[in-house]
Number of protein chains: 2
Amino acid sequence: MAEKVTAQMVAERAGVSQSAVSRVFTPGASVSARTEKKVREAASALGYRPNVLARAMVSGRSRMIGLVVAYLENQFYPEVLEKLSNALQAEGYHILVFMASQEAGTLDTVVEEILDYQVEGIVLASVSLSSDLASRCQAAGVPVVLFNRSQDIDGISAVTSDNFTGAFQVGQFLLAGEHERIAYLAGWEGASTQRDRQRGFVAALDVAGRRLHAWEDGRFEPSRTADAVRIMFDRSSRPDAVFVAGDQMALIAMDVLRHELGLSVPGDVSVVGFDDVPAASWLSYRLTTVRQQADLMVARCVSTLLRAIETPGAAPERHAIEAPLILRASARIPQGWTQ
Amino acid sequence: MAEKVTAQMVAERAGVSQSAVSRVFTPGASVSARTEKKVREAASALGYRPNVLARAMVSGRSRMIGLVVAYLENQFYPEVLEKLSNALQAEGYHILVFMASQEAGTLDTVVEEILDYQVEGIVLASVSLSSDLASRCQAAGVPVVLFNRSQDIDGISAVTSDNFTGAFQVGQFLLAGEHERIAYLAGWEGASTQRDRQRGFVAALDVAGRRLHAWEDGRFEPSRTADAVRIMFDRSSRPDAVFVAGDQMALIAMDVLRHELGLSVPGDVSVVGFDDVPAASWLSYRLTTVRQQADLMVARCVSTLLRAIETPGAAPERHAIEAPLILRASARIPQGWTQ
DNA sequence: CGAAATTTTGCATACGCTTGCAAAAAGAGC
DNA sequence: GCTCTTTTTGCAAGCGTATGCAAAATTTCG
């Protein structure tokens with residue numbers, strides 16, 4: 001196996017100093033056209049490429065962003081990961097992935113590990129942060145952006161959908177559809193997304209002087225969700241509409257309603273979800289749902305992060321991306337409904 | 001923001017040399033119990049943690065594995081990513097993710113970028129490698145493992161399912177079910193998985209003196225797949241069974257068959273997939289399919305990779321993991337079929 | 001208790017690169 | 001051509017850690 005080729009070797013071959021080589025590969029540095037040519041020739045002859053790690057050591061810029069993800073089962077996250085990776089790749093950054101099991105203490109460990117790698121920034125997707133950890137990151141000078149979670153912690157930026165308004169719309173939509181018994185199937189209550197969606201939905205009902213006819217908790221877990229649906233519909237006056245806190249759960253709900261309880265969707269029950277994962281548009285479901293605009297969210301996330309990296313003192317940003325209702329076929333559409 | 005705490009600072013506080021600090025954090029190094037105690041106290045008082053990058057510089061061990069993934073839409077890959085990340089995390093490694101667009105030249109660029117980070121190994125998921133690139137990696141002393149692709153390149157390890165045998169079983173299964181017109185819906189022909197599955201399936205028919213009644217190419221792309229199904233079934237003698245090269249395509253096929261063409265699955269057509277993605281078991285599909293045992297594949301992938309890292313001269317390994325047929329409800333089950 | 005064997009420790013160097021500084025080279029202006 | 005300004009270049013000092021080597025400390029054991 002060949003030795004690894006260093007800037008020093010290139011320098012010798014090109015007959016210049018090692019600093020000159022470094023400058024050729026540092027955008028904005030001062031080099032004459034002639035030495036640049038000599039260096040580039042020597043470099044490509046030897047197959048030289050700068051060592052990112054060595055560069056990181058002295059410049060403090062590792063070109064790495066740490067990403068913490070809790071679960072990838074939810075189809076929304078692979079999509080986000082892919083887009084995030086592409087967006088960061090375009091800016092010359094790369095993603096170091098860390099899986100956080102849902103256990104409590106895990107996140108602390110994971111974040112410590114991330115910091116060990118001298119990442120320039122951290123994205124926490126669907127993960128909540130203790131204020132202790134947050135200040136640890138700040139002490140290390142590493143900006144943090146929460147993705148799909150919002151939290152009132154000093155100095156922590158967050159990018160979410162406008163969950164409140166999105167869910168509020170759903171409430172209006174179901175009311176306009178003249179549903180009589182409107183239910184809500186909740187996600188894990190520790191998630192800010194769940195709380196905001198519930199608040200928005202209930203607020204819409206509230207405006208009309210209405211209340212939830214039923215409420216169950218699916219915790220964003222498949223089997224828990226199926227149970228919740230069974231409980232919710234095993235009563236004399238079952239709901240005729242249910243807003244589900246996430247698509248993954250909504251799809252399960254539709255399956256249980258149709259194939260286990262023999263109900264028709266949307267004939268007997270209207271179902272509305274949140275996320276707009278790929279499967280929501282599959283012909284078996286055609287789920288009416290609120291779309292999380294992953295592209296926009298990712299773009300905001302990246303710009304927020306880069307800004308924080310470049311401007312160490314910058315104030316944290318909180319972004320709530322518009323989340324439009326996507327009409328498909330799982331919920332009765334009110335006459336003349338436009339939006 | 002606080003300064004970053006170095007081994008030197010810990011050394012001063014503990015009244016020892018920097019080397020002593022280093023040794024405390026290097027498993028297997030020689031330190032007395034007394035200095036270890038002093039160092040650990042000083043370290044935790046200051047919140048010291050070794051800098052992975054600096055460590056990588058001198059030891060050549062970055063504790064990073066590069067992962068290249070082409071597309072995450074296929075539900076199989078998020079699952080793999082999650083498991084792979086967890087398995088490597090348990091071994092003290094972390095994953096640096098790179099997305100490879102499907103364009104041709106991209107992979108070269110991406111692999112170069114990976115090597116810049118001094119990763120200790122590379123996993124290529126569903127991506128093919130030119131022998132030129134392969135030797136580049138070998139020159140850099142970085143072992144490569146192909147995941148879900150196999151290729152005859154010197155020195156390159158690969159982990160796949162036993163696609164041939166898995167598909168062969170499907171052939172036997174459909175024949176035993178007394179299907180008359182058996183079709184195959186292919187994936188992208190550049191993929192070894194596609195080729196092996198087709199070969200296995202056709203071989204099974206061959207043994208019985210039968211041939212494919214129809215063949216179309218879905219290229220693993222959703223809209224292409226839907227078209228392929230439409231073409232395949234728009235003829236007087238439509239297939240009564242179709243083996244689809246991947247679940248993602250199989251689910252689309254079921255949707256088109258049922259909701260667009262008004263056919264019953266498995267009444268009119270039996271459908272069998274490959275992968276066993278999460279959605280395959282959803283009540284709307286209950287897809288009979290061949291399971292890729294992600295756990296086993298990942299475990300093999302990790303052990304292969306670690307072995308190659310620790311034993312630089314090691315011979316490449318090729319593993320084909322058993323892929324069992326999972327019976328559900330999308331294909332007619334032959335009487336008395338057991339397996 | 002003392003010599004030999006063993007363990008622990010600090011020193012110094014290296015890993016591959018960036019960057020401030022001062023010297024050298026190149027341009028500008030007359 | 002000569003001085004003054006501007007650009008280019010090399011030198012050398014790190015960045016934070018691991019590690020070979022030799023000295024120091026400790027243990028072993030006759």
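Within every chain, numbering begins at 1; the chains are lettered A, B, ... in the order of the sequence lines, protein sequences first and strands thereafter.
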B/Glu317 bridged to B/Arg307 by N-O distance under 4.0 Å: yes
A/Val31 has its side chain closest, among D/dT9, D/dG16, C/dG16, to D/dT9
In whole angstroms, the gap separating P of C/dT9 from CZ of B/Arg34 amounts to 8 Å
B/Met57 CE to C/dT13 P, in whole Å, measures 18 Å
Discussion item. So that I can tick it off, tell me whether A/Asp196 and A/Arg149 are bridged by a salt bridge, with the cut-off set at under 4.0 angstrom between side-chain N and carboxylate O.
Written reply: no
Atom CD of A/Glu12 and atom P of D/dG10 are separated, to the nearest Å, by 13 Å
From CZ of B/Phe25 across to P of D/dG16 the rounded distance in Å is 16 Å
> Could B/Asp152 and B/Arg318 be called an ion pair, given the rule that one side-chain N must be under 4.0 Å from one carboxylate O?
Replying inline: yes
In whole angstroms, the gap separating P of C/dC17 from CZ of A/Arg49 amounts to 12 Å
B/Asn51 CG to D/dG14 P, in whole Å, measures 18 Å
Phosphate oxygens OP1/OP2 of D/dG16: is one of them under 4.0 Å from a side-chain N or O of A/Tyr117?
no
Judged by nearest nucleotide, the residue sitting upstream toward the 5' end of DNA chain C, B/Ala54 or B/Ala33, is B/Ala33
Closest to the side chain of A/Thr6, out of D/dG20, C/dT18, C/dC17, is C/dC17
Looking only at D/dG10, D/dT9, C/dG16, the nucleotide nearest the A/Ser17 side chain is D/dG10
Q. Does OP1 or OP2 of D/dT17 have a side-chain N or O of B/Thr26 closer than 4.0 Å?
A. no
Ranking D/dT9, C/dA26, D/dC15 by distance to the side chain of A/Val58, first place goes to D/dC15
* Counting just side-chain N and O atoms, does B/Ser30 come under 4.0 Å of either OP1 or OP2 of C/dT7? -> no
Q) Base, sugar-phosphate, or nothing for A/Val16, non-hydrogen atoms under 4.0 angstrom? A) sugar-phosphate
- Item | Between A/Glu82 and B/Tyr71, a side-chain donor and acceptor under 3.5 Å | no
Rounded to whole Å, CG of B/Leu53 lies from C1' of C/dC17 at a distance of 12 Å
Base D/dA18 paired with B/Gln18 side chain (donor-acceptor, <3.5 Å): yes
- Query: Looking across every strand, which nucleic acid part, if any, lies under 4.0 Å from A/Ser32 by heavy atom: base, sugar-phosphate, or nothing?
  - Reply: sugar-phosphate
Answer with yes or no whether the side chains of B/Tyr93 and B/Arg61 bring together a donor and an acceptor at under 3.5 Å. yes
A/Ser19 has its side chain closest, among D/dG16, D/dA18, D/dA12, to D/dA12
With the side chain defined as heavy atoms from C-beta on, B/Arg23 is closest, among D/dT19, C/dT19, D/dT8, to D/dT19
Report yes or no: do B/Gln75 and B/Glu79 form a side-chain donor-acceptor pair below 3.5 Å? no
Taken to the nearest whole Å, CE/A/Met9 to P/C/dC15 is 12 Å
